[in-house]
Student: 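My questions all concern the structure below.
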Amino acid sequence: MKKLMPFLTVFCALNGQKSDLRTYEDDPSSKVYQCYRAMHTNQTLEYVLQQKKRFLESGSYLLLTVHEALEKLTGYIDESDPDVSFSNHIHNYQTAQACRKLLPDCDWFHLVGLIHDIGKLLYLFDLPTWAIVGDTFPVGHPFSPKCIYYDFFKNNPDFAKPSIYQKHCGFDNVHFSWGHDEYLYQVLKASNTKLPKEAFYLIRYHSFYPFHREYDYLDLASDEDVAMLGYLKLFNACDLYSKVDEIIDYAAIKEYYDALIKKYLPEPLKFFRPGL
Ligand SMILES: [Fe+2]
Ligand SMILES: [Fe+2]
């Protein structure tokens, strides 16, 4: 218990201070609203399978180092996020630094913070925002009312269709809405990394708020998914609550992250390009 006290302190402090984050307004003129309306209407099982085939089987790649990938996010603003209005590359460094503060001895966790959103470079391939960012959810399974903007799912052709999955099959056997989480997971899976399985898990499910915040979709979760929830909660604290207008001294931290990249990742990474 003594070991867990620093985490509990961090959670209590964060929960107390930042309760105004993730407020989703019912305003049709907002970009966040429009993004989710399109996402929940268009992310069907068929769409996800098409995107997986188009990207993962194209045999064509964009070769980038981690820093080059981060550079691509300079100026990219996540329109699904009501809490940030600054460029996404800043968010990656802020998350990484928060991860470092929270678990100082767990260096792969810091690297996950740095790279977790680089899949957003999907925007380079002209994908719509609703197929890049936002909370993720299973497809091929009834949508959870715990998802934000649930009512938009009523326009989805899969709405009210029964599940195609076995109970407690585990999230790794489920198709999720297509976006930067799944994309980067697939990029790393196809690469010869030295990251532990927990790192892959965080990258793949970090936007799965209906699970790690609302504790829904437990009918699909395996024992391993439940066991991973703690990591997701810890990571989410760093991802969500580090969104502050703080100036980062990149030169001072670059050396530290360069060493982590070298330790865990092959470079350049092979980012799938889409086929036709
Ligand atoms: Fe993300
Ligand atoms: Fe993030």
Side-chain angles (χ1 to χ4, degrees), residues 14 18 21-24 31-32 35-36 39 43 48 51 55 66 69-103 108-125 127-138 147-149 171 176-189 195 198-214 228-229 231-246 248 253 257 269 271:
L14 292 173
K18 304 278 189 166
L21 290 174
R22 283 182 59 82
T23 301
Y24 292 89
K31 286 190 170 165
V32 177
C35 175
Y36 275 97
M39 182 196 304
Q43 289 267 6
V48 169
Q51 294 311 308
F55 278 88
V66 170
L70 285 167
E71 276 295 304
K72 298 279 184 201
L73 297 182
T74 309
Y76 180 77
I77 295 171
D78 183 340
E79 289 184 356
S80 73
D81 190 336
D83 302 315
V84 284
S85 54
F86 49 79
S87 173
N88 215 262
H89 80 290
I90 297 173
H91 166 63
N92 283 285
Y93 281 103
Q94 287 179 334
T95 306
Q97 289 291 84
C99 287
R100 210 171 153 185
K101 222 183 233 175
L102 185 60
L103 300 183
W108 62 262
F109 190 68
H110 314 162
L111 185 58
V112 169
L114 186 71
I115 66 174
H116 76 288
D117 273 347
I118 59 176
K120 289 180 185 175
L121 59 74
L122 276 173
Y123 83 91
L124 294 171
F125 309 122
L127 252 69
T129 306
W130 56 262
I132 302 175
V133 292
D135 291 7
T136 55
F137 48 87
C147 292
I148 53 167
Y149 292 119
F171 298 145
F176 278 73
S177 50
W178 179 255
H180 70 280
D181 314 61
E182 180 68 24
Y183 176 67
L184 182 62
Y185 164 76
Q186 294 290 350
V187 167
L188 295 174
K189 192 178 145 205
L195 289 170
E198 289 83 358
F200 280 86
Y201 196 89
L202 292 179
I203 284 162
R204 197 175 201 184
Y205 302 116
H206 73 266
S207 304
F208 189 17
Y209 280 83
F211 174 61
H212 64 67
R213 169 164 289 213
E214 304 293 340
M228 288 287 194
L229 192 52
Y231 272 115
L232 276 175
K233 303 279 296 175
L234 285 174
F235 183 75
N236 183 244
C238 302
D239 189 11
L240 189 58
Y241 300 116
S242 60
K243 294 168 182 174
V244 288
D245 297 320
E246 188 186 300
I248 290 181
I253 57 176
Y257 290 108
L269 286 168
F271 290 88

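Note that ligands are numbered from 1 as they come in the structure, with each ligand's atoms numbered from 1 the same way.
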Student: Any idea how F125 and Y183 line up, ring-wise: parallel (<30°), tilted (30 to 60°), or perpendicular (>60°)?
Tutor: perpendicular
Student: How wide is the angle at the Fe ion (ligand 2) between OD1 of D239 and NE2 of H116, to the nearest 10°?
Tutor: 90°
Student: Less than 4.5 Å apart, side chain to side chain, heavy atoms only: is that true for L269 and L188?
Tutor: yes
Student: So what does the H180 NE2 - the Fe ion (ligand 1) - D117 OD1 angle come to, to 10°?
Tutor: 90°
Student: Measuring to the Fe ion (ligand 2), does H206 have an N/O/S atom at a distance below 2.8 Å?
Tutor: no
Student: Given Y205, which partner from the list F137, F211, F176 fulfils the ring-ring contact (aromatic ring centres under 6.0 Å, His included) test?
Tutor: F176
Student: Is the Fe ion (ligand 2) less than 2.8 Å from at least one N/O/S atom of D78?
Tutor: no
Student: I need the minimum non-hydrogen distance between D239 and T95, along with the two atoms involved.
Tutor: CA-CG2, 3.7 Å
